[in-house]
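Below is one structure, written out as structure tokens; comments come after it.
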Amino acid sequence: MNYLSRQSNQAADFQSPAAASNQPPSEAREPILETPEKGLAPVECSNGRPETASKASPIPKAEGPIEPGQTRADWSPHWLTHWWPKLIEARLSLLSLIVFFILWEGVCYFGIIGPYQLVPPSKVIKIFILKLTEVNPDGAYLWAHALSSLGLAVLGFMAAALVGIPLGLLMGWYPRFNYIARPLFDIIRPVPPIAWIPLAILWLGIGVKAKAFIIFLASFVPCVINSFTGIRLTNPTLTRVAKIHGASDFTVFLKIGTPSAIPMIFTGLRLSLNAAWTTLVAAELLAASQGLGFMIQMGRRLARPDIVIVGMLTIGFLGAILSWGLTKAEKLFVSSRRLS
Amino acid sequence: MGTRKNLTFEGLGPTAAKAAPPSEYILFCQGLMVSFQLLDQLKVLDGFTLGVKENEFLVVLGPGQCGKTVLLNCLAGLQEPQAGLVSFKGAPVRGPSAERGLVFQKYALFPWQTVEENVAWGLKSKGTAKAERRRIAAKYIELVGLTGFEKAYPQALSGGMKQRVGLARAYASGPEVLLMDEPFGALDAQTRYAMEKELLTIWEKEKRTVIFVTNNIEEAIYLGDRVVLMSKRPAKLKKEWEITIPHPRSYTDPVFLALRQQISADYDLVL
């Protein structure tokens, strides 16, 4: 008790020396219980302090409105603290790109690599623009190739999401279902999608179906694995809350398990889209008359590296745009519904 | 849930039938045994017997890791004891039910639902009509003093507010028994005192049987009509105090302090 009482007195000393000096220390050391008024008095005195404190505030007051991320004591303008570092980062990225293209151009210009192996970026741009309005030499416009490929990839990807996500969720939630589906899935999972090409042709012919099937197989696996993991991460306390309120197991699966899994499902979708897009060229090795993969193949056969590079870059750009779009959609969906 | 023979009175044989729960108890558990197979057989509860009277505020006091949460889970029907029985209003407990609401230490709100939706969750599972759901939810949101926050999401709320939502949710589905698992354990001291006071106010307005689990002696004396002390693992009922100090209780009341000293002497032995 003595110790406690002394402590509170010291605290008051620290806050307001003037107030504490009124209180003789010997009295303050008495137990709180017996003389509560005396024990508490110095602490009450500290209530008067904030008035004097505000006068001698060490923080200068800035004029005008305050930007976010800026304190009153911060005199530097917003653009200098906020935009300038970003601009420097952007410059560095731009610099690396410029150096890369200069090296590439130089390698071609000085004939280090011959024109049948590599073409300079300047020619790639020229061919890119030309291909928008030119069918030759591979038989279709660039945008027609791109649309055909996009359609194929999206078809396979959608099918994979529609089948893979529910499958993964069910496997993650119902152990019995997991025991049934798991061995089959574990056998199919390590088989590379390209290895399915011969069977796909035998089963589905050489049309869109076979190609979509290959893409489906490639993007199906990440969907299943991530939905499975996602629903397994459901907070068990939330499950208990739901059950306490009389919800059936299926309701808990639908209303608690599935929303909990959504961030992971989106991760799976991103991986799936990536897989779908990268398997595209392989799928289009199947007899095709259109598509970016087909265009690349034609470029190889015709010994036209420019066509190949234009095809590759288009695949790269479209892939980046697709995954950027999915990330945006994810952020919008997940944050608007408070799912993470 | 399959059939659980060990939970029926008949299954326990003649001695247990004789010791069938006295009718004064709304919730009763007898000879509970729960163990977990970790590295070793870990007995958490062993022969735990406890009766709770209707509209009683019972505080279960015990040190950390002594099986308080396991006990609550058994009472709620979320956990099946290896031996012993839990009975609610004379009938054996076979699984979770809305009649026994739970409030968790970690709030356990659904982050993708607004305060109102969270509070109305139990009613929705019961199949209550929408208008009725809203009315009941609004009533309990008002009771816990959160009117105006119906459309807010849990992430925007402070710890104390979250726990109010948890309390409102437990109340809204109309339970007869409220099981509280260290509900204020994660709150700072100031909020904790305020919430304790508020819980009592709410409880005075809407009487329910409350089983409040805590490891804080002061909280136990402040809130409880009766305080039971659990021993360390495997947990048994160690001691029991009736607390007759009238509400509102004061932490510095000499009777309170004397009682606190008395309980802490036993509490220290438990550790």
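A, B, ... follow the sequence lines: proteins, then strands. Residue 1 opens every chain.
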Legend entry - Heavy-atom neighbours of A/F250 CZ exceed 12 at 6.0 Å: no
Legend entry - B/R134 atom CZ, over 12 foreign heavy atoms within 6.0 Å: no
Legend entry - Distance, nearest 0.5 Å, that separates NE2 of A/H245 from NZ of B/K124: 13.5 Å
Legend entry - Interatomic distance, A/T237 atom OG1 to B/L109 atom CG [nearest 0.5 angstrom]: 11.0 Å
Legend entry - Interchain contact, B/R169 with chain A, by part (heavy-atom threshold 4.5 Å): both
Inset, instruction - Kindly indicate whether the side chain of B/W112, heavy atoms from C-beta on, has any atom under 4.5 Å from the side chain of A/S260. - result: yes
Inset, instruction - Look at atom NZ of A/K331 and say whether more than 12 heavy atoms of other residues, nucleotides or ligands are closer to it than 6.0 Å. - result: no
Inset, instruction - State, with a plain yes or no, whether a side-chain heavy atom of A/K255 is found less than 4.5 Å away from one of B/W121. - result: yes
Legend entry - Over 12 non-hydrogen atoms of neighbours within 6.0 angstrom of CD in B/E142: no
Legend entry - Interatomic spacing from OG in B/S97 to NZ in A/K243 - rounded to 0.5 Å: 14.5 Å
Donor-acceptor pairs under 3.5 Å, side chain of residues 254-261 of chain B to any protein atom, not counting sequence neighbours: which ones?
none

Legend entry - Partner set under salt bridge (Lys or Arg N to Asp or Glu O under 4.0 Å) for B/K106, not counting sequence neighbours: none
Legend entry - Reported CG-to-OH distance for the pair A/L238 and B/Y107, which is rounded to 0.5 angstrom: 14.0 Å
Legend entry - Which portion of A/I256 sits near chain B, non-hydrogen atoms under 4.5 angstrom: both
Legend entry - Where A/I244 and B/R100 come nearest, the two heavy atoms and their spacing: CD1-O, 3.5 Å
Legend entry - Sub-4.5 Å side-chain heavy-atom contact between A/V241 and B/L102: no
